[in-house]
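Scroll down for the structure; my scribbles are underneath it.
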Amino acid sequence: MPQFLSQQDWLYGLFLFTAVVVFGHGIHYTVFRLLRKHQPETQQRGLGIQKYLAWPARGVLLFIGLRIILPLVPKVPPQLLDRVEQIVECLLVLFIGWLAIGGVYVFQAFTLSRFDTTVTDNLRARRVHTQMQFFRRVLIAIVVVLDAGALLWSLHDPQLWKYGTGLLASAGLASLVLAAAAKSSASNLIAGMQIALTEPIRIDDVVVVQGEWGRIEEITST
């Protein structure tokens, strides 16, 4: 045990950590219990609320609580406190990104649950299913980019930014290759968007290619 922390300080810190875990678990339990109360269990399974949101929500509550109590722990050296806060902030950003991606999946499931493709007149339903598959990937890509940016901003070491700047400055030739690859990727992305919006084909359409027929199961962004 380090000399700068007495046994009483360690016990107080352990008490704060336990309080955060209990309090966060209580909020998590209450929120998801209310969700279960207002929605049938079959609908919850269909939306994937428990599957996509439970674990990331638990992590977000835990690390928010830890970020609040860390300055309250007595006699912690500022350098150590800064490192621990940085780790907590990075994990919080990652869990928030995970929660946002889970929210995208739940939003997709909620939207598609209102459009049944098994009915006879399912043209509108297949249109929505086609578009939602594409927009889900776009939204997840946006969330990942924003989360990566927030993760970099949560780092407290300015030296990392210097390394990143030097790496970008020395990437002259490599940037040309990346630009060519990005052009191809952008073309594919625009093509996927055109298919989703103009609907030359839709999910569950029957197509014939070289004498063989099949149904469209998925339309990706590439």
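FYI, the numbering just counts along the sequence from 1. Just so we're clear, the structure is a prediction, and the values are computed from it rather than from any experiment.
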CG (L66) and CG (L61) are apart, to the nearest 0.5 Å, by 11.0 Å
dist T111:OG1 -> F135:CZ (nearest 0.5 Å) comes out at 11.5 Å
Spell out, yes or no, whether V93 and V145 are grouped together once hydrophobic residues are joined by side-chain heavy atoms under 4.5 Å, including indirect joins. no
Query raised in the report: Under 3.5 Å, side chain of R137 to main-chain N/O of Q133, donor-acceptor pair present?
Result: yes
Smallest heavy-atom separation, L99 atom then V60 atom, equals CD2-CG2, 4.2 Å
- Look at the side-chain heavy atoms of Ile, Leu, Val, Met, Phe, Trp and Tyr, link any pair under 4.5 Å apart, and say whether F15 and F17 land in one connected group. yes
For L81 and L70 the tightest heavy-atom approach is CD1-O, 3.7 Å
Separation between CZ (R136) and OH (Y105), nearest 0.5 Å, reads 4.5 Å
Nearest heavy-atom approach of V20 to L62 is CG1-O, 3.6 Å
**Prompt:** What's the verdict on side chain to side chain contact (heavy atoms under 4.5 Å, CB included) for W98 and D147, showing C-alpha distance, side-chain angles and the deciding distance?
**Reply:** CA-CA 9 Å; W98 185 8; D147 196 59; over 6 Å; no
One should read off an interatomic distance between I96 CD1 and I101 CD1, to the nearest 0.5 angstrom, of 12.5 Å
Correct closest heavy-atom pair for V208 and W213 would be CG2-CB, 4.0 Å
Here the pair of heavy atoms bringing F63 nearest to V88 is O-CG1, 3.5 Å
Between Q108 and M132, the two heavy atoms sitting closest are CA-CE, 3.7 Å
| Expected output: side-chain H28 to main-chain A57 donor-acceptor under 3.5 Å | no
Between the CD1 atom in I87 and the CZ atom in R67, the distance rounded to the nearest 0.5 Å is 12.5 Å
Interatomic distance, CD1@I27 vs CZ@F23, rounded to 0.5 Å, equals 4.0 Å
> Do I64 and V22 belong to the same hydrophobic cluster, where Ile, Leu, Val, Met, Phe, Trp and Tyr are linked whenever their side-chain heavy atoms lie under 4.5 Å apart, directly or via other members?
Replying inline: no
Say whether Y29 and V21 are linked into one hydrophobic cluster, either directly or through other cluster members, by side-chain heavy-atom distances under 4.5 angstrom. no
Practice task
Give a yes or no on whether Y12 and L14 share a hydrophobic cluster (residues Ile, Leu, Val, Met, Phe, Trp, Tyr; joining criterion: side-chain heavy atoms under 4.5 Å apart).
Solution key: no
